[in-house]
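Everything on this sheet refers to the single structure shown next.
Sequence positions, counted from 1, serve as the residue numbers for this chain.
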Amino acid sequence: MALDVDAIRARIPALKSGSARFDAPGGTQTPQPVIDAIAETLSRPLANRGRTTEGERNADDTVAEARAALADLLGADPRGVVFGRSATQLAYDLSRTLAKGWGPGDEVVVTRLDHDSNIRPWVQAAEVVGASVRWADFDPATGELRPEHVAAVLSARTRLVAVTAASNLIGARPDLPAIAALAHEAGALLHVDAVHYASHAAVDLAALGADTLVCSPYKFLGPHLGVLAAPPALLETLRPDKLLPSADAVPERFELGTLPYELLAGARAAVDFLAELAPGAGATRRERLVASFAALEEHEDGLRERIERGLAEIGGTTVYSRAARRTPTLLFTVAGLPSAEVSRQLAAHGVDAPAGSFYALEASRRLGLGDGGGVRVGLAPYSCAQDVDRLLAALDALER
């Protein structure tokens, strides 16, 4: 089923600015139903969660509805959905909790393909307890992180493997089920950063083989928030630091302080918006989401191929997004121009395509781009052919 992109765009007020937006990997624009859900939640009585007063019930229902929505999005159990300020914060909290069971001789595996939020929390937690860190490399020529790259650094002492489901820098999508099988065979947990992946493909916690997984609603049309998903039975075994009177039940024991109810309502609305991209495609919200992401992948892949063909015809461009399986995210450089200058000139033509390493420092360095990175072009449900044409025209007009 083809996406009705015009209908999607009509419901996103920020697009009225007129820019052709390719900055979605850093955060998408917000649909009106998400904005309305946030405002409506703040307009009603709210209180600490409970079932006695109207405000308590509103808060309690908002949390329950958000957990159910994110569980549908991630193929998870609502009892295993944890909310936090950001995916980075949740990764730090989880790393410190898991590290209580690590010590000298234990090993943690991280990859050079990942965003730093799926590297540094694990590296620092390991350092505190005297555990070792082993690095899985990727092939810079292809952008591929293959299972054998991870297998090469696994051992009987590996306690956790942290890997991305999709690179936020070059879009590469590793074979997670194969990596999960290797990690579990070694007796290790697999933590997956799905922040970029969840914007472009249907997530299934079990099918990916992830023990724990994080994502960020603001990357898929929602508000700024972090989400962690895991089997409730696994969360029951973990003892995070918490206040004495705060709830010890799962998943509440992992949530610090009062939750931002309005943002949870916005996250639920974003999931519902995504579930409507392929209307009539399923009976349950989960079924509709899977159908929506299938349509979204087809739409975005078509636009990505159009950009790739256009870049190939523009002299002096080098594209670093080369993996066989990848998201609609392209990193490139232009000979003779710093990437920041390319981004500036594109912005002058009304095309928003930022430059940098986007916190994927290890990947940028491995590609030979240093900390400066390249120009990143990313797509979203509201991306259209006209935007792509504007991008390619602006690139063709660059002042070298």
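Residues Val163 and Asp193 form no side-chain contact, since every pair of their non-hydrogen atoms from C-beta on lies 4.5 Å or further apart.
Every pair tested for ring-ring contact (aromatic ring centres under 6.0 Å, His included) that includes a residue from residues 291-331 fails, sequence neighbours excluded, so the list is empty. Pairs passing the side-chain hydrogen bond (donor to acceptor under 3.5 Å, both in side chains) check and including a residue from residues 255-265, sequence neighbours excluded, read Arg67-Glu255. Among pairs with a residue in residues 130-163, none fulfils ring-ring contact (aromatic ring centres under 6.0 Å, His included), at least two apart in sequence or across chains. The stretch residues 209-254 participates, sequence neighbours left out, in these ring-ring contact (aromatic ring centres under 6.0 Å, His included) pairs: Tyr218-His224.
No side-chain donor-acceptor contact under 3.5 Å links Ser357 to the backbone of Ala360. Asp23 places no side-chain N or O within 3.5 Å of a backbone atom of Gly26 that could act as its donor or acceptor partner. Judged by distance alone, with hydrogens and angles left aside, the side-chain atoms of Thr62 form no donor-acceptor pair with the main-chain N or O of Ala265 at under 3.5 Å. Listed for the Ser216 side chain is no donor-acceptor partner under 3.5 Å among the backbone atoms of Gly226. Checked by atom type and distance alone, the side chain of Ser364 never pairs as donor or acceptor with a backbone atom of Leu361 at under 3.5 Å. Under a 3.5 Å cut-off, the side chain of Asp204 and the backbone N or O of Ala207 do form a donor-acceptor pair. Under a 3.5 Å cut-off, the side chain of Glu287 and the backbone N or O of Ala283 do form a donor-acceptor pair.
Listed by chain and number, the residues in a side-chain hydrogen bond (donor to acceptor under 3.5 Å, both in side chains) with Thr53 amount to none (sequence neighbours excluded). Annotation: salt bridge (Lys or Arg N to Asp or Glu O under 4.0 Å) contacts of Asp60 (sequence neighbours excluded): Arg49, Arg51. Remark: Arg366 engages Asp137 in a salt bridge (Lys or Arg N to Asp or Glu O under 4.0 Å) (not counting sequence neighbours). Under the salt bridge (Lys or Arg N to Asp or Glu O under 4.0 Å) criterion, Arg253 pairs with Glu236, Asp248, not counting sequence neighbours. Remark: Ser17 pairs with Ser19, Arg21 by the side chain to side chain contact (heavy atoms under 4.5 Å, CB included) rule, at least two apart or across chains. The side chain to side chain contact (heavy atoms under 4.5 Å, CB included) test applied to Pro121 returns Ala91, Tyr92, Ser95, not counting sequence neighbours. Judged as a side chain to side chain contact (heavy atoms under 4.5 Å, CB included), and not counting sequence neighbours, the contacts of Thr329 are Pro25, His196, His200, Thr327, Arg376. Take Arg57 and apply the salt bridge (Lys or Arg N to Asp or Glu O under 4.0 Å) test, not counting sequence neighbours, and it matches no residue.
Under 4.0 Å is where a charged nitrogen must lie from a carboxylate oxygen, and between Arg304 and Asp301 at least one such pair does. A salt bridge is defined here as a Lys NZ or Arg NE, NH1 or NH2 lying under 4.0 Å from an Asp or Glu carboxylate O, and Lys100 with Asp241 meets this definition. One finds a salt bridge joining Glu362 and Arg120 here, because a Lys/Arg side-chain nitrogen approaches an Asp/Glu carboxylate oxygen to under 4.0 Å. With salt bridges taken as basic N to acidic carboxylate O contacts below 4.0 Å, none links Arg326 and Glu300.
Between the CG atom of Asp352 and the CD atom of Gln29 there is a distance of 8.5 Å, given to the nearest 0.5 Å. To the nearest 0.5 angstrom, Glu276 atom CD is 10.5 Å from Ile8 atom CD1.
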Salt bridge (charged side-chain N to carboxylate O under 4.0 Å, His left out) between Asp175 and Arg146, intermediate numbers included: CA-CA 7 Å; Asp175 185 348; Arg146 294 188 289 272; over 6 Å; no
inquiry  = As a quick check of understanding, evaluate salt bridge (charged side-chain N to carboxylate O under 4.0 Å, His left out) for Arg286 and Asp72, giving each step before the final call.
reply    = CA-CA 5 Å; Arg286 174 64 183 176; Asp72 284 346; over 6 Å; no
Practice problem: Evaluate the salt bridge (charged side-chain N to carboxylate O under 4.0 Å, His left out) criterion for residues Asp272 and Arg285: first the C-alpha distance (whole Å), next the side-chain angles of each, then the deciding distance (0.1 Å), finally the verdict. | Solution: CA-CA 8 Å; Asp272 286 339; Arg285 180 165 53 193; 2.9 Å; yes
Next on the checklist: Apply salt bridge (charged side-chain N to carboxylate O under 4.0 Å, His left out) to residues Glu127 and Arg96 and explain how you reach the verdict.
Outcome noted: CA-CA 11 Å; Glu127 289 174 347; Arg96 287 189 287 260; over 6 Å; no
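In this structure, Ala59 and Ala47 approach most closely via the heavy-atom pair CB-O, 3.2 Å.
Counting non-hydrogen atoms of neighbouring residues, nucleotides and ligands closer than 6.0 angstrom, the CZ atom of Arg390 exceeds 12 such neighbours. Counting non-hydrogen atoms of neighbouring residues, nucleotides and ligands closer than 6.0 angstrom, the OH atom of Tyr359 reaches no more than 12 such neighbours.
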